[in-house]
Amino acid sequence: MSAAPASPAPEVTAVDLAAYCRRIGYAGPLTPTLETLRALQERHPAAIAFEAIDVLLDRGVDISPAAVDAKLIGAGRGGYCFEQNGLFKRVLQAIGFEVEGLIARVNWNAPADAPARAPSHMALRVTIEGEPWLVDVGFGSCVPTAPLRLDTREPQPTAHETFRLVPAGGELQLEAEIAGRWAPVYRLLPTPQLDADYELANWYTATHPDSHFRHRLIVTCTTPEARHVLAGARLTVRSPDGATESRFLDAEQIERELAERFGLPVEPDWRPAIERAAADIPAD
């Protein structure tokens with residue numbers, strides 16, 4: 001019997017760990033332990049906003065390491081999953097973690113009978129002392145704020161929602177418990193991805209007319225105190241106990257929240273997208 005093909009060697013691209021730690025406000029140990037992973041995963045989505053403003057502006061999204069680092073670390077911007085988890089993967093590898101890229105089919109807010117979507121979300125698998133963990137800092141409004149065991153089907157509490165992973169036709173369905181029910185988040189494919197595998201999904205997400213990022217302003221950050229979500233003109237703040245506050249904003253308020261709440265360096269070129277977002281109010 002011939003030997004199984006060897007797994008591809010891990011792809012490692014340098015990242016400025018000191019600059020990254022300053023960006024997320026982390027001054028703890030940089031050792032490949034579960035405690036370090038938990039600390040970084042909690043701080044990252046609180047400090048680096050999830051946003052796809054470049055998609056709204058038809059700028060496209062460059063997910064090369066140099067472009068991601070210049071944007072998310074150097075320029076103080078946020079990004080979406082390919083940028084966020086691509087950066088986090090390189091940070092973890094630089095620390096010494098064993099990390100693989102994964103890809104998932106998003107079914108967040110989708111009806112139960114909706115057809116399966118093409119894989120379009122990047123996530124990570126981190127193995128620590130032989131135990132596999134799902135790690136994700138790039139899912140926006142329902143990003144897990146702690147690593148989740150991939151080898152158990154039991155509910156796993158976090159500082160925000162409780163999550164679980166259940167088998168789904170050869171894939172793993174991530175679900176979050178919200179208001180007493182299990183809501184689908186995404187379905188993980190089992191095969192590890194190379195960096196090049198994300199290029200096509202990123203191109204689709206950034207440029208295809210059906211991509212929801214091309215039609216709506218979506219910005220989020222998740223702190224230990226609350227999830228903050230700006231979707232169109234609606235700002236929602238949801239605390240870990242489930243209490244929710246929501247209100248609509250005008251263009252001036254959106255611009256102010258982008259800068260103050262989400263920590264983004266608002267550019268004059270964003271104004272048309274902000275004004276379109278201010279008009280994104282559902283009819284009664």
Sequence neighbours left out, cut at 3.5 Å: what donor-acceptor pairs do the side chains of residues 69-76 make with other protein atoms?
{"from": "Asp69", "atom 1": "OD1", "to": "Arg90", "atom 2": "NH1", "distance (Å)": "3.4"}
{"from": "Asp69", "atom 1": "OD1", "to": "Arg90", "atom 2": "NH2", "distance (Å)": "2.6"}
{"from": "Asp69", "atom 1": "OD2", "to": "Arg90", "atom 2": "NH1", "distance (Å)": "3.2"}
{"from": "Lys71", "atom 1": "NZ", "to": "Asp54", "atom 2": "OD2", "distance (Å)": "2.9"}
{"from": "Lys71", "atom 1": "NZ", "to": "Glu83", "atom 2": "OE2", "distance (Å)": "2.8"}

Residues passing the side chain to side chain contact (heavy atoms under 4.5 Å, CB included) test with Asp58, sequence neighbours excluded, are Arg214
How far apart are the closest heavy atoms of Asp151 and Pro132, and which atoms are they? OD2-CD, 3.7 Å
For Asp280, which residues count as a salt bridge (charged side-chain N to carboxylate O under 4.0 Å, His left out) partner, sequence neighbours excluded? Arg216
Any Lys/Arg nitrogen of Arg38 or Glu42 sitting under 4.0 Å from an Asp/Glu carboxylate oxygen of the other? no
Considering residues at least two apart in sequence or located in another chain, which fulfil the side-chain hydrogen bond (donor to acceptor under 3.5 Å, both in side chains) criterion with Asp62? Ser64
Suppose we screen for side-chain hydrogen bond (donor to acceptor under 3.5 Å, both in side chains). Which residues come up paired with Glu257, at least two apart in sequence or across chains? Arg247, Arg261
Under the side chain to side chain contact (heavy atoms under 4.5 Å, CB included) test, which residues partner Ala66, sequence neighbours left out? none
Listing, residues 236-243 side-chain donor-acceptor contacts under 3.5 Å, not counting sequence neighbours, or none:
{"from": "Thr236", "atom 1": "OG1", "to": "Ser246", "atom 2": "OG", "distance (Å)": "3.2"}
{"from": "Arg238", "atom 1": "NH2", "to": "Ser141", "atom 2": "O", "distance (Å)": "3.4"}
{"from": "Arg238", "atom 1": "NH2", "to": "Glu161", "atom 2": "OE2", "distance (Å)": "3.3"}
{"from": "Ser239", "atom 1": "OG", "to": "Asp241", "atom 2": "OD1", "distance (Å)": "2.4"}
{"from": "Ser239", "atom 1": "OG", "to": "Ala243", "atom 2": "N", "distance (Å)": "3.4"}
{"from": "Ser239", "atom 1": "OG", "to": "Ala243", "atom 2": "O", "distance (Å)": "3.3"}
{"from": "Asp241", "atom 1": "OD1", "to": "Ala243", "atom 2": "N", "distance (Å)": "2.9"}

Which atom of Gln41 lies closest to which atom of Asp136, heavy atoms considered: NE2-O, 3.4 Å
With a 3.5 Å distance limit and no angle check, can you tell me whether Arg117 reaches the backbone of Arg105 through a side-chain donor-acceptor pair? no
Can you check side-chain contact (heavy atoms from CB on, under 4.5 Å) on Cys21 and Leu30, steps first, answer last? CA-CA 10 Å; Cys21 289; Leu30 294 174; 3.9 Å; yes
Among residues at least two apart in sequence or on other chains, which ones pass side chain to side chain contact (heavy atoms under 4.5 Å, CB included) with Glu199? Ile63
I want to check something: taking the side chain as every heavy atom from C-beta on, are Leu230 and Leu258 in contact at a cut-off of under 4.5 Å? yes
Might you point out which heavy atoms bring Gly138 and His121 nearest each other, and give the distance in Å? O-CE1, 3.4 Å
Pair Gln173-Asn107, side-chain contact (heavy atoms from CB on, under 4.5 Å): steps then yes or no: CA-CA 9 Å; Gln173 174 69 57; Asn107 51 8; 2.8 Å; yes
Give, for atom OG1 of Thr222 and atom NE2 of His44, the distance between the pair rounded to the nearest 0.5 Å. 11.0 Å
Does any non-hydrogen side-chain atom of Trp270 lie less than 4.5 Å from one of Leu217? no
Any donor and acceptor pair, going by atom type alone, linking the side chain of Gln193 with main-chain N or O of Met122 inside 3.5 Å? no
Taken to the nearest 0.5 Å, the spacing of Phe248 CZ from Ile254 CD1 works out to 10.5 Å
Report whether Ile48 and Leu17 are members of the same hydrophobic cluster (ILVMFWY, side-chain heavy atoms less than 4.5 Å apart, transitive linking). yes
Looking at every heavy atom in both Ala273 and Leu57, which two are closest together, and how far apart are they? CB-CD2, 4.0 Å
Counting only heavy atoms not in Glu267, do more than 12 fall under 6.0 Å of its CD? yes
Please walk me through it: do Trp133 and Leu34 pass side-chain contact (heavy atoms from CB on, under 4.5 Å)? CA-CA 10 Å; Trp133 297 84; Leu34 184 57; 3.6 Å; yes
Indicate whether any N or O donor in one side chain lies under 3.5 Å from an N or O acceptor in the other, for Tyr204 and Asp210. no
Please tell me whether Leu124 and Val91 are part of a single hydrophobic cluster in this structure, the criterion being side-chain heavy atoms less than 4.5 Å apart. yes
Quick one: NZ on Lys89 to CG on Leu87, what's the gap to the nearest 0.5 Å? 12.0 Å
What's the separation between atom OG1 in Thr205 and atom CG in Leu200, rounded to the nearest 0.5 Å? 9.0 Å
How close do Arg271 and Ala251 get, counting heavy atoms only, and between which atoms? NH2-CB, 3.5 Å
When rounded to the nearest 0.5 angstrom, what distance separates CD in Glu51 from CZ in Arg77? 4.0 Å
Quick one: list whatever passes salt bridge (charged side-chain N to carboxylate O under 4.0 Å, His left out) with Arg181, sequence neighbours left out. none
If you measure from OG on Ser120 to CD1 on Ile103, what distance do you get to the nearest 0.5 Å? 7.0 Å
Should the pair Arg125-Glu131 be classified as a salt bridge under the 4.0 Å nitrogen-to-oxygen rule? no
Backbone N/O of Glu225 and side chain of Thr223: donor-acceptor pair under 3.5 Å: yes
Tell me whether Leu194 shares a hydrophobic cluster with Trp203, the cluster being built from Ile, Leu, Val, Met, Phe, Trp, Tyr side chains joined at under 4.5 Å. no
With a cutoff of under 4.5 Å between side-chain heavy atoms, which Ile, Leu, Val, Met, Phe, Trp and Tyr residues group with Leu148? Leu102, Val106, Trp108, Leu134, Phe139, Val143, Leu150, Phe163, Leu165, Leu172, Leu174, Ile178, Val185, Tyr186, Leu188
Smallest separation among heavy atoms of Ala110 and Pro184, with atom names: O-CG, 4.5 Å
Any non-hydrogen side-chain atom of Pro45 less than 4.5 Å from a side-chain atom of Gln84? no
Residues Leu37, Phe88; criterion side-chain contact (heavy atoms from CB on, under 4.5 Å); working and verdict: CA-CA 10 Å; Leu37 178 61; Phe88 204 54; 4.3 Å; yes
In one Ile/Leu/Val/Met/Phe/Trp/Tyr side-chain cluster, 4.5 Å: Val61, Val219: no
Compare all side-chain heavy atoms of Ile95 with those of Leu40 and state whether any distance is below 4.5 angstrom. yes
Could you tell me which residues satisfy side chain to side chain contact (heavy atoms under 4.5 Å, CB included) with Glu177, sequence neighbours excluded, listed by chain and number? Thr162, Trp182
Does Gln253, at its CD atom, have more than 12 non-hydrogen atoms belonging to other residues, nucleotides or ligands within less than 6.0 Å? yes
Which residues pass the side-chain hydrogen bond (donor to acceptor under 3.5 Å, both in side chains) test with Glu175, sequence neighbours left out? Arg164
Quick one: are Pro29 and Glu35 in side-chain contact, heavy atoms under 4.5 Å? no
According to the interplanar angle, ranging from 0 to 90°, do the rings of Phe262 and His228 count as parallel (below 30°), tilted (30 to 60°) or perpendicular (above 60°)? perpendicular
I'd like to know if Val229 and Tyr80 are part of one continuous hydrophobic network [Ile/Leu/Val/Met/Phe/Trp/Tyr, side-chain heavy atoms within less than 4.5 Å]. no
